[in-house]
There are 2 protein chains.
Amino acid sequence: MDLTIAKQVLDNAFRQKQLCMVIGNCKAEYWGRAASKLSEGDRMLLIKGDGSFAIHQNKLLRPVNYMMSASMKTSQENGQLVVLAEKLKPKESLKVFFSSIDFCQCFEMHDIHDVRLFGSEKQLQELLGDDLSFIEPGLTPLKREAHFEQGFADIIAEDSKGRICLIEVKRRKASLDAVSQLHRYQQKMKNLKNKEVRALLLAPEITENAKLLADNYGIEFFKLDFEISNPSAKIKGIEKKQTTLV
Amino acid sequence: MDLTIAKQVLDNAFRQKQLCMVIGNCKAEYWGRAASKLSEGDRMLLIKGDGSFAIHQNKLLRPVNYMMSASMKTSQENGQLVVLAEKLKPKESLKVFFSSIDFCQCFEMHDIHDVRLFGSEKQLQELLGDDLSFIEPGLTPLKREAHFEQGFADIIAEDSKGRICLIEVKRRKASLDAVSQLHRYQQKMKNLKNKEVRALLLAPEITENAKLLADNYGIEFFKLDFEISNPSAKIKGIEKKQTTLV
DNA sequence: GCTGGGAGAGGCTTA
DNA sequence: TAAGCCTTTCCCAGC
């Protein structure tokens, strides 16, 4: 395909915020938050109406080079079609050099619906929030998402003995990060209230090291059994995993 | 475009591991790690030779629905072209229903070069590893074996007073996570060696709360000044940020 | 605008 | 295979 034609097609499409696809042999240079060089090869350039700019190889989900909210400019240099994406804050530039183009076409896209997702962490929290006796008898919610200066806990509750309980819900296997995160909230709350604060971590699983760290911090782990149905999610059960006494 | 033709084009392209692009009006259903429903709209389906499967809207960098390493199957149901992506471990399925297709084409992609990235965290570590006196006079790296055996800090060194120093390098502004991460290493090392262990956090910046937490944990923060040049990165300077005495 | 944190995170490396 | 961690993470909600 002729590079000059391709340039015209793109320039017009940018104005109309169409979805643009270019396939051809190209190289690319990025400079900004990092820097990169991509040598010649067949790639697909995907440009979207909101300025999303992505160079895709024929592998992996993610683009090999990309920019969000970019301003685009095309030009011809040395018999190549150059597509430049630029951005301020942070200052970035991505330059693609097409030596040949197999395909270049743009489409108007009519799309008013966004995806509805079920089984997110937030949804699990909501399912739990209503009835914490699932977790432990006498546990009553105080307020959801109480904000601290350092982040927040998913649920704050009070147990039957009047102790504050911070509850963190994870939809995936809990890792060291999750334990550290909850520990930070626990420490912060302890300092605020100047009394004992329980920390409860709910997750479908936990890694071995994370469990050790949780035990070390006095964080209680509960196995959260849930299923993703459609169009929602359902808590099937919650079981406390006691610290193994050595 | 005729749906039956599109089906043939795709079936053939899957066998040849080509890059496939389909544009048309579709809806989609996902079930697996979570569940989702996407109502009708114009979208682009991008399928790659390695089984990467992505439904793109005309906005955002990321696909609205996707699957990696998927097995693909096409079929026709009720006058719709159905493209099904499935996977085991974890068990997932993504079904796309095209009611109409504007475009469907596949390309053989010749591409042997991958991107070379400069300014990664690992590269910064390597630049530092050679000469720690940048950070503090008398700081010397410990044996590489120790680094590998433990494997949980970027760099392990010894200061002029013979104390073990754990050094964590971050290429971006250090957050609470970074501080927690380094603190975990510090605690672990303390328990192993049963003596004082210094923890040094090197980053271009640090958030306010992260700095407070670092101070609280006795983690020392150093401002790391580097620049991304081409084709590499360069450490420009390292300056210790003392705890502000209130 | 910055900060914190989730994500169906993805993707890589090492044990 | 699992765990841990980096990413030009992306993306969003709060402040």
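All chains are named by letter (A, B, ...) in the order of the sequence lines, taking the proteins before the strands, and each is independently numbered beginning at 1. Computed from a prediction, not measured in an experiment: that's the story for all the values here. The analysis underlying the following values was restricted to heavy atoms, covering all of them including side chains, and did not include hydrogens, waters or symmetry mates.
Taking only side-chain nitrogens and oxygens, B:K170 comes nearer than 4.0 Å to OP1 or OP2 of D:dC6. OP1 or OP2 of C:dG5 lies within a sub-4.0 Å distance of a side-chain N or O belonging to A:Y185. Distances shorter than 4.0 Å separate none of the side-chain N or O atoms of B:S175 from OP1 or OP2 on C:dG5. Distances shorter than 4.0 Å separate none of the side-chain N or O atoms of A:Q125 from OP1 or OP2 on C:dG6. The side chain of B:R184 places no N or O atom within less than 4.0 Å of a non-bridging phosphate oxygen (OP1 or OP2) of D:dG4.
A salt bridge (charged side-chain N to carboxylate O under 4.0 Å, His left out) with B:D114 holds for exactly one of A:K59, A:R43, A:K37; it is A:K59.
Closest to the side chain of A:N209, out of C:dC12, C:dG8, D:dA3, is D:dA3. Of all nucleotides listed (D:dG4, C:dG1, D:dC10), D:dC10 comes nearest to the side chain of A:R33. When distances run from any side-chain atom of B:D154 to the nucleotides D:dC6, C:dG8, C:dG11, the shortest one goes to D:dC6. Across C:dG6, D:dG4, C:dT3, the shortest atom-to-atom separation from the side chain of B:K173 is found for C:dT3. The nucleotide whose nearest atom lies closest to any side-chain atom of B:T207 is, among D:dC5, C:dG4, C:dG5, C:dG4.
The interatomic distance linking A:K91 (NZ) with D:dT8 (C1') rounds to 15 Å, in whole Å. Atom CZ in A:F53 sits roughly 14 Å away from atom C1' in D:dT8 (whole-Å rounding). In this structure, the CD atom of B:E205 is 12 Å from the C1' atom of C:dT3, given to the nearest Å.
Heavy atoms of B:R171 sit under 4.0 angstrom from primed sugar atoms or phosphate atoms, though from no base atom. Contact annotation for A:I228: no contact, since no heavy-atom pair falls under 4.0 Å across all strands. Counting any heavy atom pair closer than 4.0 Å across all strands shown, B:Q181 reaches sugar-phosphate atoms only and no base atom.
Non-hydrogen atoms lying under 4.0 Å from DNA chain C are contributed by nothing in residues 35-47 of chain A. Of the residues in residues 62-72 of chain B, those placing a heavy atom less than 4.0 Å from an atom of DNA chain C are B:N65, B:Y66, B:M67, B:M68, in numerical order. Interface residues of residues 113-122 of chain B facing DNA chain D, ordered by number: B:L117, B:S120, B:E121; criterion, heavy-atom separation under 4.0 Å.
Separation of the P atoms belonging to D:dG4 and C:dG8 is 22 Å when rounded to the nearest angstrom.
Using a cut-off of 4.0 Å between Lys/Arg side-chain N and Asp/Glu carboxylate O, A:K241 and A:D215 are scored as not salt-bridged.
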